Amino acid sequence: MKIAIASKGNTLESVLDTSFGRSAYFVVYDTETHAMEFIPNPNKNLEEGAGSASVQLLATRNVSIIIAYEFGQKIKPLLDSLKIQMIVIRDTSKEVQQMIDMLNHGGK
């Protein structure tokens with residue numbers, strides 16, 4: 001399963017971005033192979049539709065779950081239609097590595 005994390009940077013020490021659609025990077029992590037990819041968000045400067053465009057970007061990477069601080073109001077129906085689960089984490093101090101560790105250990 002592939003999981004995307006909205007990140008402020010492109011390292012494992014980067015923290016969760018406060019905006020999903022306008023996040024600086026997406027970290028796509030494969031829970032089976034443990035492979036990860038840092039994707040610069042080409043939609044972060046769009047005037048409108050950054051969230052929808054970012055969902056479409058991640059859907060092309062076969063992501064099943066997206067983790068972000070918050071999602072725009074129009075995003076949930078789009079994610080539902082694509083069968084992508086959203087997880088909201090309200091802790092902006094969480095680093096990418098910490099979230100991956102949580103995923104690998106079932107949130108423990």
Side-chain angles (χ1 to χ4, degrees):
M1 172 176 30
K2 290 185 177 178
I3 298 170
I5 302 168
S7 172
K8 284 191 172 184
N10 61 356
T11 68
L12 292 174
E13 293 77 29
S14 299
V15 294
L16 190 66
D17 203 308
T18 56
S19 172
F20 163 68
R22 299 185 188 287
S23 67
Y25 290 87
F26 294 109
V27 182
V28 176
Y29 176 71
D30 188 321
T31 59
E32 294 169 17
T33 65
H34 303 288
M36 71 180 75
E37 177 182 13
F38 291 87
I39 305 170
N41 183 0
N43 309 307
K44 67 182 179 183
N45 294 322
L46 291 179
E47 286 188 31
E48 292 184 23
S52 299
S54 295
V55 168
Q56 295 297 339
L57 170 70
L58 295 174
T60 65
R61 305 294 173 126
N62 298 317
V63 167
S64 301
I65 296 173
I66 299 173
I67 299 173
Y69 178 80
E70 70 178 6
F71 294 87
Q73 293 179 352
K74 298 176 187 172
I75 298 305
K76 185 170 183 346
L78 179 58
L79 291 174
D80 287 346
S81 72
L82 295 170
K83 301 190 183 323
I84 297 174
Q85 181 183 357
M86 57 189 235
I87 296 177
V88 175
I89 295 182
R90 295 285 187 183
D91 183 353
T92 56
S93 69
K94 286 280 187 201
E95 295 179 355
V96 169
Q97 183 65 62
Q98 291 173 311
M99 289 183 269
I100 289 172
D101 289 345
M102 283 187 337
L103 294 167
N104 286 329
H105 296 99
K108 295 178 184 173

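Values reported hereafter were calculated over all heavy atoms of this structure, with side chains retained and with hydrogens, waters and symmetry mates removed. Since we're looking at a predicted model, the values are computed, not measured.
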**Prompt:** For Tyr29, which residues count as a side-chain hydrogen bond (donor to acceptor under 3.5 Å, both in side chains) partner, sequence neighbours excluded?
**Reply:** His34, Asn104
**Item:** Test applied, side chain to side chain contact (heavy atoms under 4.5 Å, CB included); reference residue, Ile66; option that passes from Ile5, Ile87, Ile84, Val88
**Value:** Ile84
**Message:** Tell me which pairs pass salt bridge (charged side-chain N to carboxylate O under 4.0 Å, His left out) where either residue lies in residues 7-34, with sequence neighbours left out.
**Reply:** none
Give the table of side-chain donor-acceptor pairs shorter than 3.5 Å for residues 45-57, with sequence neighbours excluded, one pair per line with atom names and distance.
| from | atom 1 | to | atom 2 | distance (Å) |
| --- | --- | --- | --- | --- |
| Ser54 | OG | Gly21 | O | 3.2 |
| Ser54 | OG | Asn43 | ND2 | 3.4 |
| Ser54 | OG | Ala50 | O | 2.8 |

**Message:** For Phe20, give me all partners under ring-ring contact (aromatic ring centres under 6.0 Å, His included), at least two apart in sequence or on another chain.
**Reply:** Phe26, Phe71
**Complete:** Residue pairs passing the salt bridge (charged side-chain N to carboxylate O under 4.0 Å, His left out) test with at least one member in residues 51-61, sequence neighbours excluded, are Glu37-Arg61
**side-chain hydrogen bond (donor to acceptor under 3.5 Å, both in side chains) pairs, two or more places apart, involving residues 64-88** = Lys76-Asp80
**Path from Tyr25 to Met36 over hydrophobic side-chain contacts below 4.5 Å** = no
**Message:** Please give me the minimum heavy-atom distance between Thr92 and Val15, naming the atom from each residue.
**Reply:** O-CB, 3.3 Å
**ILVMFWY network linking Leu58 to Ile75, side-chain heavy atoms under 4.5 angstrom** = yes
**Fill in**
Quick note, ring pair (Phe, Tyr, Trp, His ring centres under 6.0 Å) partners involving residues 82-104, not counting sequence neighbours, are none
**Request:** State which residues pass side-chain hydrogen bond (donor to acceptor under 3.5 Å, both in side chains) with Ser19; sequence neighbours excluded, sorted by chain then number.
**Result:** none
